[in-house]
Number of protein chains: 2
Amino acid sequence: MAPTRRYDPERRQRIIDAAIRVVGRSGIAGLSHRSVAAEANVPLGSTTYHFKTLDDLLVAALRQTNEGFAKVVRERGGALADPDCDLAAELARLTGQWLDGDRAGVELEYELYLAALRRPALRTVAAEWCEETAALLTHRTDPRTARALVALLDGICLQVLLTGGRYDEDYARETLARVITPSG
Amino acid sequence: MAPTRRYDPERRQRIIDAAIRVVGRSGIAGLSHRSVAAEANVPLGSTTYHFKTLDDLLVAALRQTNEGFAKVVRERGGALADPDCDLAAELARLTGQWLDGDRAGVELEYELYLAALRRPALRTVAAEWCEETAALLTHRTDPRTARALVALLDGICLQVLLTGGRYDEDYARETLARVITPSG
DNA sequence: CAACGATGTGTACCCTCGTACACATGCAAT
DNA sequence: ATTGCATGTGTACGAGGGTACACATCGTTG
(Lines give C-alpha, C1' and ligand atoms only; values in the text may rest on other atoms or scores of the structure.)
Protein backbone atom coordinates (compact mmCIF):
# COMPACT_ATOMS: atom_id res chain seq x y z
CA MET A 1 0.00 0.00 0.00
CA ALA A 2 1.75 3.06 1.27
CA PRO A 3 5.16 2.34 -0.22
CA THR A 4 3.75 2.54 -3.70
CA ARG A 5 2.42 5.92 -4.64
CA ARG A 6 0.60 5.16 -7.87
CA TYR A 7 -0.65 7.14 -10.75
CA ASP A 8 1.16 10.40 -10.86
CA PRO A 9 0.13 12.04 -14.11
CA GLU A 10 2.54 14.95 -13.68
CA ARG A 11 5.50 12.78 -12.86
CA ARG A 12 7.22 13.52 -16.13
CA GLN A 13 6.90 17.26 -15.73
CA ARG A 14 8.10 17.12 -12.14
CA ILE A 15 11.22 15.30 -13.29
CA ILE A 16 11.93 18.02 -15.85
CA ASP A 17 11.49 20.72 -13.22
CA ALA A 18 13.81 18.84 -10.91
CA ALA A 19 16.41 18.50 -13.66
CA ILE A 20 16.36 22.26 -14.19
CA ARG A 21 16.90 22.86 -10.49
CA VAL A 22 19.78 20.38 -10.43
CA VAL A 23 21.50 21.99 -13.41
CA GLY A 24 20.96 25.41 -11.87
CA ARG A 25 22.61 24.30 -8.67
CA SER A 26 25.36 21.94 -9.84
CA GLY A 27 25.64 22.44 -13.57
CA ILE A 28 25.18 19.87 -16.29
CA ALA A 29 28.15 18.03 -14.81
CA GLY A 30 26.06 17.38 -11.71
CA LEU A 31 23.11 15.98 -13.60
CA SER A 32 22.51 12.25 -13.30
CA HIS A 33 19.52 10.00 -13.21
CA ARG A 34 20.12 9.61 -9.53
CA SER A 35 20.50 13.30 -8.68
CA VAL A 36 17.32 14.11 -10.58
CA ALA A 37 15.44 11.28 -8.92
CA ALA A 38 16.46 12.55 -5.49
CA GLU A 39 15.51 16.15 -6.34
CA ALA A 40 12.15 15.09 -7.77
CA ASN A 41 11.56 12.72 -4.89
CA VAL A 42 10.94 9.74 -7.16
CA PRO A 43 12.74 6.41 -7.36
CA LEU A 44 15.64 5.90 -9.74
CA GLY A 45 13.73 3.63 -12.04
CA SER A 46 11.18 6.33 -12.67
CA THR A 47 13.63 8.75 -14.25
CA THR A 48 15.18 6.10 -16.48
CA TYR A 49 11.70 5.06 -17.55
CA HIS A 50 10.59 8.52 -18.67
CA PHE A 51 13.97 9.56 -20.09
CA LYS A 52 16.04 6.78 -21.57
CA THR A 53 19.12 9.00 -21.77
CA LEU A 54 20.26 12.19 -20.10
CA ASP A 55 20.22 13.88 -23.50
CA ASP A 56 16.47 13.32 -23.67
CA LEU A 57 16.15 15.01 -20.32
CA LEU A 58 18.35 17.91 -21.40
CA VAL A 59 16.26 18.46 -24.50
CA ALA A 60 13.12 18.73 -22.40
CA ALA A 61 14.86 21.05 -19.95
CA LEU A 62 16.22 23.33 -22.67
CA ARG A 63 12.81 23.60 -24.29
CA GLN A 64 11.45 24.82 -21.00
CA THR A 65 14.20 27.27 -20.07
CA ASN A 66 14.30 28.81 -23.52
CA GLU A 67 11.42 30.91 -22.36
CA GLY A 68 13.60 33.07 -20.11
CA PHE A 69 14.47 36.05 -22.26
CA ALA A 70 11.23 35.89 -24.18
CA LYS A 71 9.44 36.14 -20.85
CA VAL A 72 11.23 39.35 -19.92
CA VAL A 73 10.36 40.77 -23.32
CA ARG A 74 6.73 39.85 -22.95
CA GLU A 75 6.42 41.21 -19.42
CA ARG A 76 8.45 44.37 -19.71
CA GLY A 77 9.11 44.91 -23.36
CA GLY A 78 5.77 46.21 -24.48
CA ALA A 79 7.49 49.28 -25.89
CA LEU A 80 9.22 47.13 -28.49
CA ALA A 81 6.03 47.06 -30.49
CA ASP A 82 5.84 50.85 -30.54
CA PRO A 83 7.37 52.00 -33.82
CA ASP A 84 8.40 55.27 -32.21
CA CYS A 85 10.53 53.83 -29.44
CA ASP A 86 14.30 53.64 -29.69
CA LEU A 87 14.78 49.97 -30.50
CA ALA A 88 18.46 49.84 -29.53
CA ALA A 89 17.86 51.57 -26.22
CA GLU A 90 14.92 49.34 -25.40
CA LEU A 91 16.83 46.15 -26.21
CA ALA A 92 19.81 47.28 -24.17
CA ARG A 93 17.52 48.09 -21.25
CA LEU A 94 15.71 44.75 -21.38
CA THR A 95 18.96 42.83 -21.60
CA GLY A 96 20.26 44.66 -18.56
CA GLN A 97 17.13 43.81 -16.62
CA TRP A 98 17.44 40.19 -17.69
CA LEU A 99 21.09 39.91 -16.64
CA ASP A 100 20.69 41.72 -13.34
CA GLY A 101 17.32 40.25 -12.46
CA ASP A 102 18.03 36.56 -12.12
CA ARG A 103 21.66 35.90 -12.81
CA ALA A 104 21.42 32.24 -11.80
CA GLY A 105 18.56 31.75 -14.23
CA VAL A 106 20.52 33.39 -17.02
CA GLU A 107 23.53 31.18 -16.40
CA LEU A 108 21.29 28.13 -16.39
CA GLU A 109 19.66 29.12 -19.65
CA TYR A 110 23.02 29.73 -21.30
CA GLU A 111 24.56 26.55 -19.99
CA LEU A 112 21.82 24.46 -21.56
CA TYR A 113 21.93 26.51 -24.76
CA LEU A 114 25.71 26.20 -25.07
CA ALA A 115 25.58 22.48 -24.42
CA ALA A 116 24.32 22.16 -27.99
CA LEU A 117 27.92 22.62 -29.12
CA ARG A 118 28.68 19.02 -28.21
CA ARG A 119 25.21 17.47 -28.22
CA PRO A 120 23.58 17.27 -31.64
CA ALA A 121 20.31 16.36 -29.97
CA LEU A 122 20.10 19.89 -28.58
CA ARG A 123 20.88 21.69 -31.84
CA THR A 124 17.31 21.70 -33.07
CA VAL A 125 16.13 23.32 -29.86
CA ALA A 126 18.95 25.85 -29.93
CA ALA A 127 18.07 26.77 -33.49
CA GLU A 128 14.44 27.23 -32.50
CA TRP A 129 15.50 29.61 -29.76
CA CYS A 130 17.46 31.75 -32.23
CA GLU A 131 14.55 31.92 -34.59
CA GLU A 132 11.99 32.69 -31.93
CA THR A 133 14.09 35.45 -30.43
CA ALA A 134 14.71 36.95 -33.85
CA ALA A 135 10.98 36.74 -34.52
CA LEU A 136 10.38 39.05 -31.56
CA LEU A 137 12.13 41.76 -33.54
CA THR A 138 10.84 41.26 -37.04
CA HIS A 139 8.00 43.68 -36.46
CA ARG A 140 10.59 46.40 -36.33
CA THR A 141 13.37 45.25 -38.65
CA ASP A 142 14.03 42.97 -41.58
CA PRO A 143 14.87 39.32 -40.75
CA ARG A 144 18.52 39.74 -41.62
CA THR A 145 18.98 42.57 -39.16
CA ALA A 146 16.99 40.70 -36.54
CA ARG A 147 19.36 37.77 -36.81
CA ALA A 148 22.33 40.09 -36.51
CA LEU A 149 20.88 41.71 -33.41
CA VAL A 150 20.40 38.34 -31.77
CA ALA A 151 23.99 37.37 -32.61
CA LEU A 152 25.32 40.61 -31.18
CA LEU A 153 23.25 40.34 -28.01
CA ASP A 154 24.42 36.77 -27.62
CA GLY A 155 28.03 37.87 -27.97
CA ILE A 156 27.68 40.73 -25.52
CA CYS A 157 25.96 38.59 -22.89
CA LEU A 158 28.50 35.83 -23.31
CA GLN A 159 31.41 38.15 -22.74
CA VAL A 160 29.81 39.40 -19.57
CA LEU A 161 29.11 35.88 -18.34
CA LEU A 162 32.41 34.30 -19.37
CA THR A 163 34.77 37.02 -18.25
CA GLY A 164 32.92 38.02 -15.13
CA GLY A 165 32.77 41.61 -16.37
CA ARG A 166 29.97 44.08 -15.88
CA TYR A 167 27.18 44.75 -18.36
CA ASP A 168 27.56 48.20 -19.87
CA GLU A 169 24.16 49.33 -21.08
CA ASP A 170 25.41 52.42 -22.88
CA TYR A 171 27.94 50.40 -24.81
CA ALA A 172 25.30 47.82 -25.73
CA ARG A 173 22.85 50.49 -26.86
CA GLU A 174 25.36 52.25 -29.05
CA THR A 175 26.59 49.04 -30.69
CA LEU A 176 23.07 47.75 -31.28
CA ALA A 177 22.18 51.07 -32.85
CA ARG A 178 24.98 50.69 -35.37
CA VAL A 179 23.61 47.35 -36.50
CA ILE A 180 20.10 48.73 -36.77
CA THR A 181 21.16 51.73 -38.81
CA PRO A 182 19.88 51.04 -42.30
CA SER A 183 22.85 50.50 -44.57
CA GLY A 184 21.17 51.93 -47.60
CA MET B 1 65.24 -0.07 -13.93
CA ALA B 2 62.98 -0.50 -16.90
CA PRO B 3 59.63 -0.09 -15.16
CA THR B 4 60.62 3.35 -13.94
CA ARG B 5 61.17 5.85 -16.72
CA ARG B 6 62.76 8.70 -14.84
CA TYR B 7 63.31 12.31 -15.51
CA ASP B 8 60.95 13.43 -18.14
CA PRO B 9 61.30 17.20 -18.29
CA GLU B 10 58.47 17.62 -20.78
CA ARG B 11 56.07 15.44 -18.89
CA ARG B 12 53.88 18.35 -17.86
CA GLN B 13 53.57 19.68 -21.39
CA ARG B 14 52.81 16.23 -22.76
CA ILE B 15 49.98 15.90 -20.28
CA ILE B 16 48.49 19.20 -21.44
CA ASP B 17 48.71 18.11 -25.07
CA ALA B 18 47.04 14.83 -24.20
CA ALA B 19 44.26 16.67 -22.36
CA ILE B 20 43.57 18.77 -25.45
CA ARG B 21 43.33 15.66 -27.59
CA VAL B 22 40.98 14.01 -25.11
CA VAL B 23 38.68 17.04 -24.98
CA GLY B 24 38.74 17.24 -28.76
CA ARG B 25 37.68 13.64 -29.04
CA SER B 26 35.31 13.18 -26.11
CA GLY B 27 34.53 16.65 -24.84
CA ILE B 28 35.15 18.01 -21.38
CA ALA B 29 32.76 15.39 -20.09
CA GLY B 30 35.24 12.73 -21.17
CA LEU B 31 38.15 14.35 -19.39
CA SER B 32 39.45 12.59 -16.30
CA HIS B 33 42.80 12.08 -14.67
CA ARG B 34 42.68 8.55 -15.96
CA SER B 35 41.77 9.31 -19.56
CA VAL B 36 44.51 11.90 -19.76
CA ALA B 37 47.03 9.55 -18.21
CA ALA B 38 46.19 6.88 -20.76
CA GLU B 39 46.37 9.34 -23.66
CA ALA B 40 49.70 10.75 -22.47
CA ASN B 41 51.00 7.30 -21.70
CA VAL B 42 51.89 8.13 -18.13
CA PRO B 43 50.69 6.56 -14.88
CA LEU B 44 47.69 7.92 -13.03
CA GLY B 45 49.74 9.33 -10.18
CA SER B 46 51.68 11.49 -12.60
CA THR B 47 48.65 13.48 -13.76
CA THR B 48 47.39 14.05 -10.26
CA TYR B 49 50.84 15.17 -9.25
CA HIS B 50 51.20 17.83 -11.93
CA PHE B 51 47.56 18.96 -11.82
CA LYS B 52 45.86 18.69 -8.46
CA THR B 53 42.43 19.29 -9.97
CA LEU B 54 40.93 18.97 -13.42
CA ASP B 55 40.30 22.71 -13.37
CA ASP B 56 44.04 23.29 -13.23
CA LEU B 57 44.42 21.11 -16.28
CA LEU B 58 41.62 22.93 -18.10
CA VAL B 59 43.23 26.28 -17.42
CA ALA B 60 46.48 25.10 -18.97
CA ALA B 61 44.62 23.62 -21.93
CA LEU B 62 42.57 26.76 -22.55
CA ARG B 63 45.68 28.94 -22.44
CA GLN B 64 47.16 26.81 -25.15
CA THR B 65 44.13 26.53 -27.44
CA ASN B 66 43.36 30.23 -27.21
CA GLU B 67 45.94 30.64 -29.90
CA GLY B 68 43.65 29.19 -32.58
CA PHE B 69 42.00 32.25 -34.14
CA ALA B 70 45.01 34.44 -33.48
CA LYS B 71 47.07 31.95 -35.43
CA VAL B 72 44.84 32.20 -38.47
CA VAL B 73 45.04 35.97 -38.27
CA ARG B 74 48.81 35.89 -38.04
CA GLU B 75 49.26 33.45 -40.88
CA ARG B 76 46.69 34.68 -43.33
CA GLY B 77 45.51 38.01 -42.06
CA GLY B 78 48.43 40.18 -43.08
CA ALA B 79 46.03 42.44 -44.95
CA LEU B 80 44.42 43.49 -41.68
CA ALA B 81 47.34 45.80 -41.06
CA ASP B 82 46.85 47.53 -44.39
CA PRO B 83 44.77 50.65 -43.74
CA ASP B 84 43.37 50.45 -47.25
CA CYS B 85 41.84 46.99 -47.02
CA ASP B 86 38.15 46.43 -46.32
CA LEU B 87 38.27 45.48 -42.65
CA ALA B 88 34.81 43.91 -42.57
CA ALA B 89 35.45 41.81 -45.67
CA GLU B 90 38.81 40.66 -44.41
CA LEU B 91 37.42 39.67 -41.01
CA ALA B 92 34.55 37.81 -42.59
CA ARG B 93 36.95 35.98 -44.90
CA LEU B 94 39.32 34.98 -42.09
CA THR B 95 36.48 33.77 -39.93
CA GLY B 96 35.21 31.65 -42.79
CA GLN B 97 38.63 30.11 -43.27
CA TRP B 98 38.89 29.43 -39.57
CA LEU B 99 35.47 27.74 -39.38
CA ASP B 100 35.90 25.68 -42.52
CA GLY B 101 39.54 24.86 -42.01
CA ASP B 102 39.57 22.86 -38.82
CA ARG B 103 36.06 22.53 -37.49
CA ALA B 104 37.08 20.10 -34.77
CA GLY B 105 39.70 22.53 -33.56
CA VAL B 106 37.17 25.34 -33.50
CA GLU B 107 34.70 23.31 -31.50
CA LEU B 108 37.44 22.37 -29.08
CA GLU B 109 38.49 25.98 -28.65
CA TYR B 110 34.91 27.09 -28.04
CA GLU B 111 34.14 24.28 -25.66
CA LEU B 112 37.02 25.26 -23.41
CA TYR B 113 36.17 28.94 -23.75
CA LEU B 114 32.50 28.41 -22.89
CA ALA B 115 33.39 26.24 -19.93
CA ALA B 116 34.28 29.48 -18.16
CA LEU B 117 30.54 30.02 -17.65
CA ARG B 118 30.57 27.52 -14.78
CA ARG B 119 34.23 27.50 -13.82
CA PRO B 120 35.46 30.73 -12.28
CA ALA B 121 39.02 29.45 -12.60
CA LEU B 122 38.74 29.81 -16.38
CA ARG B 123 37.30 33.32 -16.39
CA THR B 124 40.64 35.05 -16.23
CA VAL B 125 41.86 33.14 -19.27
CA ALA B 126 38.64 33.77 -21.15
CA ALA B 127 38.94 37.48 -20.43
CA GLU B 128 42.51 37.46 -21.71
CA TRP B 129 41.34 35.88 -24.94
CA CYS B 130 38.76 38.63 -25.49
CA GLU B 131 41.33 41.33 -24.88
CA GLU B 132 43.98 39.77 -27.07
CA THR B 133 41.58 39.24 -29.93
CA ALA B 134 40.34 42.80 -29.63
CA ALA B 135 43.95 43.98 -29.56
CA LEU B 136 44.44 42.47 -33.02
CA LEU B 137 42.01 45.06 -34.29
CA THR B 138 43.00 48.19 -32.40
CA HIS B 139 45.39 49.22 -35.13
CA ARG B 140 42.37 49.82 -37.30
CA THR B 141 39.62 50.87 -34.92
CA ASP B 142 39.06 52.35 -31.51
CA PRO B 143 38.99 49.89 -28.56
CA ARG B 144 35.24 50.19 -28.14
CA THR B 145 34.55 49.16 -31.70
CA ALA B 146 37.13 46.38 -31.47
CA ARG B 147 35.31 44.93 -28.48
CA ALA B 148 32.03 45.13 -30.33
CA LEU B 149 33.49 43.35 -33.34
CA VAL B 150 34.75 40.53 -31.15
CA ALA B 151 31.34 40.22 -29.52
CA LEU B 152 29.60 40.11 -32.87
CA LEU B 153 32.01 37.55 -34.32
CA ASP B 154 31.57 35.46 -31.21
CA GLY B 155 27.80 35.59 -31.62
CA ILE B 156 27.90 34.73 -35.31
CA CYS B 157 30.27 31.80 -34.80
CA LEU B 158 28.23 30.51 -31.90
CA GLN B 159 25.03 30.48 -33.88
CA VAL B 160 26.73 28.51 -36.61
CA LEU B 161 28.19 26.02 -34.14
CA LEU B 162 25.14 25.67 -31.90
CA THR B 163 22.48 25.41 -34.56
CA GLY B 164 24.45 23.42 -37.09
CA GLY B 165 23.78 26.10 -39.69
CA ARG B 166 26.13 27.26 -42.42
CA TYR B 167 28.45 30.23 -42.18
CA ASP B 168 27.30 33.00 -44.49
CA GLU B 169 30.29 35.15 -45.32
CA ASP B 170 28.31 37.87 -47.10
CA TYR B 171 25.98 38.23 -44.14
CA ALA B 172 28.93 38.42 -41.75
CA ARG B 173 30.71 41.01 -43.87
CA GLU B 174 27.70 43.24 -44.13
CA THR B 175 26.89 43.08 -40.43
CA LEU B 176 30.49 43.68 -39.40
CA ALA B 177 30.58 46.67 -41.71
CA ARG B 178 27.63 48.22 -39.91
CA VAL B 179 29.45 48.03 -36.60
CA ILE B 180 32.60 49.49 -38.09
CA THR B 181 30.79 52.39 -39.70
CA PRO B 182 31.82 55.42 -37.66
CA SER B 183 28.76 56.64 -35.83
CA GLY B 184 29.86 60.24 -35.95
C1' DC C 1 -14.11 -10.02 -15.94
C1' DA C 2 -9.74 -11.34 -18.17
C1' DA C 3 -5.81 -10.10 -20.51
C1' DC C 4 -2.65 -6.76 -21.89
C1' DG C 5 0.25 -2.80 -22.00
C1' DA C 6 1.75 1.43 -19.95
C1' DT C 7 3.55 3.11 -15.83
C1' DG C 8 5.93 2.79 -11.39
C1' DT C 9 9.37 0.43 -7.91
C1' DG C 10 13.40 -1.71 -5.89
C1' DT C 11 17.69 -3.81 -6.29
C1' DA C 12 21.86 -5.56 -7.99
C1' DC C 13 25.87 -5.55 -11.21
C1' DC C 14 29.86 -3.66 -13.08
C1' DC C 15 32.26 0.29 -14.39
C1' DT C 16 34.82 4.68 -13.75
C1' DC C 17 36.21 8.30 -10.96
C1' DG C 18 38.92 11.29 -7.46
C1' DT C 19 41.75 10.80 -3.74
C1' DA C 20 45.14 9.24 -0.69
C1' DC C 21 49.28 7.24 0.43
C1' DA C 22 53.52 4.48 0.74
C1' DC C 23 57.38 3.89 -1.75
C1' DA C 24 61.19 4.78 -5.49
C1' DT C 25 64.30 7.85 -7.67
C1' DG C 26 67.55 11.42 -8.85
C1' DC C 27 69.16 16.42 -8.58
C1' DA C 28 71.12 20.09 -5.65
C1' DA C 29 72.83 22.11 -1.73
C1' DT C 30 75.81 21.66 2.03
C1' DA D 1 78.62 11.88 0.93
C1' DT D 2 74.44 12.92 3.19
C1' DT D 3 70.39 15.19 3.43
C1' DG D 4 66.29 17.18 1.58
C1' DC D 5 63.02 18.00 -1.85
C1' DA D 6 60.84 17.67 -6.23
C1' DT D 7 59.38 14.24 -9.17
C1' DG D 8 57.61 9.71 -10.55
C1' DT D 9 55.01 5.01 -9.59
C1' DG D 10 51.64 1.66 -8.13
C1' DT D 11 47.72 0.32 -5.63
C1' DA D 12 43.73 0.43 -2.93
C1' DC D 13 39.36 2.43 -1.26
C1' DG D 14 34.89 4.36 -1.22
C1' DA D 15 31.56 7.10 -3.80
C1' DG D 16 28.70 7.51 -7.50
C1' DG D 17 27.09 6.40 -12.19
C1' DG D 18 24.32 3.90 -16.19
C1' DT D 19 21.95 -0.04 -17.09
C1' DA D 20 19.20 -4.06 -16.69
C1' DC D 21 15.56 -6.58 -14.99
C1' DA D 22 12.01 -8.77 -12.15
C1' DC D 23 8.07 -7.49 -10.03
C1' DA D 24 3.81 -4.42 -8.71
C1' DT D 25 -0.03 -1.72 -10.09
C1' DC D 26 -3.74 0.29 -12.68
C1' DG D 27 -6.39 1.83 -16.88
C1' DT D 28 -8.14 0.05 -21.09
C1' DT D 29 -9.91 -2.90 -24.30
C1' DG D 30 -12.43 -6.72 -25.76
(message) Could you check whether any side-chain heavy atom of B:Leu114 comes within less than 4.5 Å of a side-chain heavy atom of B:Leu117, counting everything from C-beta outward?
(response) no
(request) Please identify each residue that fulfils side chain to side chain contact (heavy atoms under 4.5 Å, CB included) with B:Ala121, with sequence neighbours left out. (result)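 B:Ala121 satisfies side chain to side chain contact (heavy atoms under 4.5 Å, CB included) with B:Asp55, B:Val59 only.
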(message) Is the ring pair A:Tyr110/A:Trp98 parallel, tilted or perpendicular, if the boundaries are 30 and 60 degrees?
(response) tilted
Starting from [atom2] on [N], measure out to [atom1] on [X] and report it in whole angstrom.
{"X": "B:Leu31", "N": "C:dC17", "atom1": "CG", "atom2": "C1'", "answer": "12 Å"}
{"X": "B:Leu58", "N": "C:dG18", "atom1": "CG", "atom2": "P", "answer": "11 Å"}
{"X": "B:His33", "N": "D:dG8", "atom1": "NE2", "atom2": "C1'", "answer": "15 Å"}
{"X": "A:Ile15", "N": "C:dT7", "atom1": "CD1", "atom2": "P", "answer": "12 Å"}
{"X": "B:Asn41", "N": "D:dG10", "atom1": "CG", "atom2": "P", "answer": "12 Å"}
{"X": "A:Asp56", "N": "D:dT19", "atom1": "CG", "atom2": "C1'", "answer": "15 Å"}

(request) Indicate whether OP1 or OP2 belonging to C:dT9 is found under 4.0 Å from a side-chain N or O atom of A:Arg11. (result)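 For C:dT9, OP1 or OP2 has a side-chain N or O of A:Arg11 closer than 4.0 Å.
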(message) Can you see if the side chain of B:Ser32 gets near the phosphate of C:dT16 - specifically, an N or O under 4.0 Å from OP1 or OP2?
(response) no
(message) Let me confirm one number: the CZ-OG1 distance from B:Arg63 to B:Thr124, rounded to the nearest 0.5 Å.
(response) 7.5 Å
(request) Decide whether B:Gln13 and B:Gln64 meet the rule of one side-chain donor and one side-chain acceptor closer than 3.5 Å. (result)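 A pair is found: one side chain offers a donor N or O, the other an acceptor, under 3.5 Å apart.
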(request) Mind running a 4.0 Å heavy-atom check of residues 43-53 of chain B against DNA chain C and sending the residues that fall below it, in number order? (result) B:Leu44, B:Thr48, B:Lys52
(message) Going by side chain to side chain contact (heavy atoms under 4.5 Å, CB included), A:Phe51 matches just one of A:Leu58, A:Asp56, A:Val36. Which one?
(response)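 The single option meeting the side chain to side chain contact (heavy atoms under 4.5 Å, CB included) with A:Phe51 is A:Asp56.
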